[in-house]
Amino acid sequence: MSEEQFSALVLPHLDAAFNLARWLVHERAAAEDIVQDSVVRALQYFTTFRGGDARAWLLRIVRNTAYSHLAARKPGRTMSIDDTPIAQDIPDPAPGPEAALAHLQDLSRLDAALAALPAELRECLILCELEQLSYKEIAEITEVPVGTVMSRLWRARQALLRLAPAGSAA
Amino acid sequence: MMQPDCGDILFLLQADVDGQLDVAGTAAVAAHVAHCPDCAARQAAMIGLKARLRGGLSYHAAPDSLRAAITARAAPAVSHVAALPPRRNRIGRLAPYAASMAIAAMLMLAILPERGSDLPDSVVASHIRALQPGHLMDVVSTDQHTVKPWFDGRLDFAPPVKDLTADGFPLTGGRLDYLAGRPVAALTYGRAQHVIDLYVWPGNAAPGQGERNGYYFVRWTQDGMVFWAVSDVARAELESFAARWKAGA
């Protein structure tokens with residue numbers, strides 16, 4: 001293990017790390033804090049990194065750090081979406097995507113619709129569409145089975161088709 | 001031709017649009033869609049949405065300031081943070097705070113005057129940094145036969161370890177540090193309420209001593225190793241420590 005090894009593994013994935021953090025917590029400053037914390041954690045866990053996909057490894061740390069941040073920010077408002085049967089209509093999360101949409105007028109309609117989704121759905125779509133990761137890689141990062149990834153992607157897309165239908169201002 | 005029912009094919013439809021299917025899977029989807037207008041419409045909607053997402057979602061690249069901060073921090077932090085051994089004893093209770101301590105240590109790195117070419121400054125800065133809570137020792141032991149093996153596999157050399165308890169300088173532990181562009185061993189000794197750091201790495205250096213910001217250092221070479229003793233004890237005491245170390249078994 002050396003500085004060069006660590007830098008070569010982690011630094012190329014800073015954009016992916018920041019993009020995921022930014023999409024999960026929305027605020028730029030918080031996302032920067034999360035990426036910095038994540039790199040510190042990555043340094044600590046580096047001796048446990050046994051090769052493989054460094055991007056997936058770093059993004060998993062970023063994701064966990066972001067969720068810790070979200071949990072600390074909103075105590076008592078955790079939401080499990082895995083209890084629902086797969087491929088059914090997405091349950092309306094409080095305060096509701098439509099309500100959240102009204103507060104996100106500065107974003108493009110697609111950005112706003114995605115930002116209004118529950119974090120677990122949002123991250124899957126970000127990793128799939130913006131990072132262009134495989135289902136297997138997304139499953140590794142989000143620590144759920146591949147079937148759950150497919151279910152979350154499906155529900156995210158159905159919600160987006162409903163919230164930001166084609167032909168609306170993009 | 002028998003078709004799987006639409007409920008079963010939804011995820012396959014999506015996986016096909018995402019390019020996740022092998023040839024057989026893609027063929028199965030194509031065969032179903034050819035005979036199912038509903039699924040053909042779903043497929044078209046998914047393809048349309050995917051095109052809009054790829055082109056329309058904001059990608060947040062890391063700001064330059066963040067990249068610079070992390071690049072600057074990653075390098076000096078590696079040897080301090082990543083090489084920590086399994087935590088136990090006193091250090092174990094501090095583990096939950098490890099991240100914040102690491103950040104504090106890195107901030108210290110940024111704040112302390114670091115003139116790269118000035119090794120005395122670097123050594124004293126390292127000593128001060130190590131005095132921050134939780135940073136003094138990676139292996140806590142008064143037994144040289146525990147401290148010495150701890151370095152095995154963590155360094156590319158075997159630092160000599162001596163216990164000078166009989167001379168009034170009890171060994172208290174050791175840790176890895178990073179000085180002069182390489183990982184080094186740092187041995188810690190106690191002297192009343194004071195701490196003496198002894199840095200060791202292979203090489204040669206002219207003997208010398210000096211003072212920086214109220215901390216004294218003594219430097220010597222012995223058996224192919226460079227030694228730097230650093231502390232805020234009185235100068236005479238540090239010289240005594242160095243003399244006894246050189247003479248010790």
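Keep in mind that what you see is a predicted model, and the values were worked out from it rather than measured. Chain A is the first sequence line, chain B the second, and so forth, proteins listed ahead of strands; every chain is numbered from 1.
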Report task. State whether the side chain of Arg22(A) and the backbone N or O of Ala61(B) hold a donor-acceptor pair below 3.5 Å, judged by distance alone. Result -> no

Query raised in the report: With Ser58(B), which of Leu114(A), Asp111(A), Leu130(A) fulfils side chain to side chain contact (heavy atoms under 4.5 Å, CB included)?
Result: Asp111(A)

[atom2] on [Y] to [atom1] on [X], rounded to 0.5 Å:
{"X": "Met150(A)", "Y": "Gln20(B)", "atom1": "CE", "atom2": "CD", "value": "8.5 Å"}
{"X": "Leu66(B)", "Y": "Asp33(A)", "atom1": "CG", "atom2": "CG", "value": "9.5 Å"}
{"X": "Arg67(B)", "Y": "Glu32(A)", "atom1": "CZ", "atom2": "CD", "value": "12.0 Å"}
{"X": "Ile70(B)", "Y": "Leu14(A)", "atom1": "CD1", "atom2": "CG", "value": "5.0 Å"}
{"X": "Asp18(B)", "Y": "Arg157(A)", "atom1": "CG", "atom2": "CZ", "value": "4.0 Å"}

Query - Heavy-atom proximity to chain A below 4.5 Å, by part of Gln14(B) - result: both

Query raised in the report: Which of the residues Leu161(A), Val10(A), Ile126(A), Leu20(A) is involved in the greatest number of heavy-atom pairs with chain B at under 4.5 angstrom?
Result: Leu161(A)

**Report entry** Side chain proximity check, Ser7(A) to Thr71(B), heavy atoms < 4.5 angstrom
**Finding:** no

Requested in this report: Using a 4.5 Å cut-off on heavy atoms from C-beta on, say whether the side chain of Leu57(B) contacts that of Trp23(A).
Outcome: yes

Query raised in the report: Of all of Ala15(B), Pro63(B), Ser65(B), which one pairs up most often with chain A through heavy atoms under 4.5 Å apart?
Result: Pro63(B)

Report task. Might you confirm whether atom CG of Asp152(B) has over 12 heavy atoms from other residues, nucleotides or ligands at distances under 6.0 Å? Result -> yes

Query raised in the report: Please walk me through it: do Glu129(A) and Tyr59(B) pass side chain to side chain donor-acceptor pair (under 3.5 Å)?
Result: CA-CA 10 Å; Glu129(A) 299 294 10; Tyr59(B) 191 94; over 6 Å; no

Requested in this report: Could you pull out the closest heavy-atom pair between Arg54(B) and Cys128(A), with the gap in Å?
Outcome: NH2-O, 3.5 Å

Query raised in the report: Heavy-atom distance under 4.5 Å to chain B: side chain of Ala17(A), backbone, both or neither?
Result: neither

Query raised in the report: Stepwise, does the side chain to side chain contact (heavy atoms under 4.5 Å, CB included) test hold for Asp15(A) with His60(B)?
Result: CA-CA 7 Å; Asp15(A) 281 343; His60(B) 303 285; over 6 Å; no

